[in-house]
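Written below as structure tokens is the structure these notes are about.
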Amino acid sequence: MRPEILFPLFRPITALAGVGPRISKLMEKLTGEHIVDILWHLPTSFVDRRFSPTIADAPDNAIVTLEVSVAKHFPSRNRRAPYKISCFDETGHMDLVFFNARADYLKKQLPEGETRIVSGTVERFQGVLQMTHPDRMGTLDEKEDIQTVDPVYPLTAGVTNKLMGKTVQHALEQTTALPDWLNEAFKKVKRWPDWQDALISAHHPSCEEDLFADTPARERLAYDELLANQLALALVRRTVRRAAGRAITGNGNLRKTIRSALPFDLTNSQEDSLKEIEADMAEPLRMLRLLQGDVGSGKTVVALLSALIAIEAGLQAVIMAPTEILARQHMETIAPLLTETPINPILLTGRDKGKKRQAILEQIASGEVQLIIGTHALFQDDVDFANLGLAIIDEQHRFGVHQRLALASKGQHVDVLVMTATPIPRTLMLTAYGDMDVSRLLEKPAGRKPVDTRVMPLAKLEEVAFGLKRMIDKGARIYWVCPLVEESDKIEVAAAQERFEHLQSLYGARVGLVHGKMKGTEKDAVMAAFVAGDIDILVATTVIEVGVNVPEATVMIVEHAERFGLAQLHQLRGRIGRGMDASTCLLLYGAPLSENGQARLKIMRDTEDGFIIAEEDLRLRGAGEVLGTRQSGLPEFKLAQLPAHEDLLAAARDDVKLILEKDPELQTERGQALRTLLYLFEEDASVGYLRSG
């Protein structure tokens with residue numbers, strides 16, 4: 001389906017000169033596996049080699065390109081001593097210095113009595129100018145090629161900037177002019193170049209300003225990416241809207257029973273959200289709504305009452321969670337609330353095998369059970385529903401955009417409600433959930449006590465570790481979160497394994513450990529012991545971030561808190577303060593703390609409002625790492641920088657509305673170019689939502 005004009009860009013990067021199997025594996029981690037991914041890997045700085053003074057005028061610690069005559073080679077007397085080459089011009093002398101040098105190579109590159117061009121950083125040593133390991137060396141004929149501006153790229157171990165620069169250059173040679181998908185008048189006002197020219201320009205900065213997000217080349221490329229994102233979401237949304245729905249209304253009896261059994265009143269936000277969901281379901285169109293609630297805002301109750309609307313109407317409802325722990329937790333929360341009703345919810349996870357699984361599938365297919373709770377296992381082909389009316393997907397950000405429709409396809413005209421406890425800034429809402437209507441839960445249920453958040457240096461770690469005894473004696477259960485499972489040379493943060501052993505030496509078998517490398521059954525066993533109170537301290541990586549509900553847990557300690565995203569810290573803090581006891585969150589930071597780091601931890605100390613925290617995180621760190629992990633499910637933009645390109649996002653959204661009003665199936669000349677854009681940014685699935693043509 002991909003247009004032929006894009007074929008060269010979607011070849012593997014091994015098709016580029018100099019990229020063999022070993023290098024390709026390193027580069028793929030950095031950029032991606034296709035040539036187009038190399039094109040999206042923009043430079044972050046540059047080295048200017050245009051300055052070409054004489055030896056006498058070369059300033060200390062400057063990058064210069066010099067024309068020198070090679071006088072004499074002085075090979076090193078031993079391995080530790082440098083190999084020196086004496087050079088000169090009409091103004092003075094200088095030395096070229098090499099360590100662990102190959103004499104035959106240097107004599108060939110820099111023959112005595114010849115004039116050569118050398119480029120690199122110069123400094124003075126004992127009054128003599130010297131250049132250690134020149135970056136570039138060549139003949140007089142090559143001066144023009146050496147005296148350039150070199151882009152500097154983000155790199156990974158094993159990939160040099162020189163190699164990356166050459167690879168990008170080869171990738172640029174694979175590009176061709178593409179039919180323009182931009183509105184011509186808008187492009188003219190913005191003074192943006194054509195797509196190919198923008199790419200070439202972005203990869204060849206010649207001054208500091210060329211690296212800014214608002215340069216014409218970078219703005220153009222960012223807009224292309226945002227336009228593809230917004231167009232793809234609009235097509236998904238339209239597909240859902242076009243799909244015939246059915247009006248689902250219940251008599252309210254089951255909901256009345258549940259409401260009277262609840263030990264608390266619903267918040268205003270919960271009531272408002274339920275009204276919006278009820279109104280959507282009553283329409284003869286398919287619902288696609290996002291329920292966004294901060295940690296502890298009561299999404300599960302809203303989900304249950306929404307499911308009951310479908311069940312009252314004689315239909316089935318399903319609640320899907322991203323992990324088995326969360327699915328079981330939903331079951332444990334919901335089942336007791338249904339004891340006064342004829343509904344018996346059923347749980348289906350990947351752990352269910354053989355006869356047990358078959359029995360569950362038969363109950364679902366026959367309509368014997370009306371409420372099904374489960375994991376990804378619900379997606380599988382052999383899961384058939386008798387009459388599915390509502391699909392509720394929890395922690396939506398763990399699933400892709402197009403998976404939203406996969407569960408809905410398990411029935412006819414299925415309404416979809418997705419939920420997330422991850423507060424998302426309004427700007428990013430447009431990029432991730434632009435295809436959905438949104439309800440927000442803004443309050444916490446009554447009785448929730450604020451969490452006392454304190455910030456302290458890691459130097460006090462031992463003091464904190466010994467102080468846990470007082471908390472345990474009072475009946476507290478404690479989370480201790482570490483960023484890594486194993487020691488890393490590059491990121492000096494304490495490993496969870498090491499911290500576990502340290503705390504175990506103090507508190508023995510009352511300490512447990514969970515991390516991402518453990519099997520699901522092992523994790524579940526440790527979590528169950530923590531819930532039961534057999535373990536007082538749970539050392540963990542961020543696997544406990546979402547959904548774990550232990551009301552007795554009242555202490556959260558986060559080691560190297562400055563390494564985490566704000567939204568991630570907020571999620572972690574949300575694991576405590578779920579019961580009626582006062583709770584404390586200790587954020588331990590490694591000194592010295594940057595100004596940005598201080599600002600971020602201050603926000604955590606000052607507010608528990610997840611939406612304020614998310615907006616600040618976006619402002620301070622940008623969208624690329626706003627959730628602190630790649631597992632967030634939010635689009636990872638390679639060219640667009642939010643919030644710097646926030647105005648472009650709004651423009652792209654408006655542009656898409658006009659495009660689909662005038663050319664709903666993208667059949668015009670610009671429409672065909674927009675199809676190419678969707679393929680270029682790998683939104684292939686979205687093109688499938690267009691009628692053929």
Side-chain angles (χ1 to χ4, degrees), residues 1-3 5-6 9-10 32 34 36-37 39-40 178-183 195 220-243 286 288-290 393 396-409 416 418 420 424 426-438 623-624 632-642 645-646 648-668 670-693:
M1 293 289 288
R2 186 178 289 135
I5 198 169
L6 295 181
L9 302 185
F10 282 90
H34 298 124
V36 73
D37 297 317
L39 296 175
W40 302 152
L178 297 176
D180 212 330
W181 42 78
L182 293 188
N183 174 288
W195 174 77
R220 155 81 208 233
L221 295 172
Y223 188 76
D224 290 342
E225 188 173 29
L226 293 169
L227 186 62
N229 166 264
Q230 290 299 293
L231 183 55
L233 285 171
L235 292 173
V236 174
R237 182 187 181 92
R238 189 180 67 180
T239 301
V240 174
R241 290 289 179 267
R242 273 183 179 168
R286 279 179 56 185
L288 185 55
R289 182 170 284 277
L290 169 70
I393 305 175
Q396 158 62 34
H397 65 280
R398 298 296 174 99
F399 304 102
V401 171
H402 303 289
Q403 278 183 295
R404 294 175 194 165
L405 303 179
L407 187 58
S409 67
V416 179
V418 300
T420 180
I424 300 166
R426 290 184 186 277
T427 307
L428 294 191
M429 285 290 292
L430 287 179
T431 69
Y433 302 110
D435 58 322
M436 312 180 81
D437 296 311
V438 180
S632 67
L634 289 173
E636 269 198 68
F637 292 120
K638 295 186 175 182
L639 302 167
Q641 299 173 37
L642 298 175
H645 290 136
E646 194 167 346
L648 297 184
L649 177 61
R653 190 170 169 79
D654 292 342
D655 199 0
V656 165
K657 281 181 189 171
L658 290 171
I659 288 163
L660 294 181
E661 278 172 19
K662 292 179 181 177
D663 183 14
E665 301 305 328
L666 304 185
Q667 302 283 22
T668 63
R670 187 187 178 199
Q672 294 296 331
L674 284 160
R675 287 175 180 244
T676 302
L677 173 71
L678 289 170
Y679 282 114
L680 182 65
F681 284 98
E682 299 183 69
E683 295 284 3
D684 302 33
S686 305
V687 185
Y689 297 131
L690 290 162
R691 292 184 185 134
S692 61

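Because the structure is a prediction, the values reported are computed rather than measured. FYI, the numbering just counts along the sequence from 1.
Two residues are said to be in side-chain contact when any heavy atoms from C-beta on lie closer than 4.5 Å; Leu678 and Asp684 fail this criterion. Considering only heavy atoms from C-beta on, Leu290 stays 4.5 Å or farther from Asp437 through its side chain.
Using a 4.0 Å cut-off between a side-chain N of Lys or Arg and a carboxylate O of Asp or Glu, Asp180 and Arg220 qualify as a salt bridge. Between Glu683 and Arg675 there is no salt bridge, since none of the side-chain N atoms of the basic residue sits less than 4.0 Å from a carboxylate O of the acidic one. Taking a cutoff of 4.0 Å between a charged side-chain nitrogen and a carboxylate oxygen, Asp655 and Arg670 qualify as a salt bridge.
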field: CA sep, side-chain torsions, deciding dist, call: Leu658, Asn183, side-chain contact (heavy atoms from CB on, under 4.5 Å)
entry: CA-CA 11 Å; Leu658 290 171; Asn183 174 288; over 6 Å; no
field: side-chain contact (heavy atoms from CB on, under 4.5 Å) evaluation trace for Trp195 with Leu680
entry: CA-CA 12 Å; Trp195 174 77; Leu680 182 65; 3.9 Å; yes
- request: Show the numbers, then the answer: is there a side-chain contact (heavy atoms from CB on, under 4.5 Å) between Leu178 and Leu677?
  value: CA-CA 9 Å; Leu178 297 176; Leu677 173 71; over 6 Å; no
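Without hydrogens or angle criteria, Glu665 side chain to Leu690 main chain gives no donor-acceptor distance under 3.5 Å. A donor-acceptor pair is defined here as one N or O able to donate and one able to accept, closer than 3.5 Å; no such pair exists between the side chain of Asp663 and the backbone of Leu660. A distance-only check finds no donor-acceptor pair linking the side chain of Arg653 to the backbone of Leu648 [under 3.5 Å]. In this structure, Glu225 contributes its side chain and Leu639 its backbone to a donor-acceptor pair below 3.5 Å.
A distance below 6.0 Å separates the ring centres of Trp40 and Phe681.
Taking every heavy atom of both residues into account, Phe10 and Tyr679 meet most closely at CZ-O, 3.4 Å.
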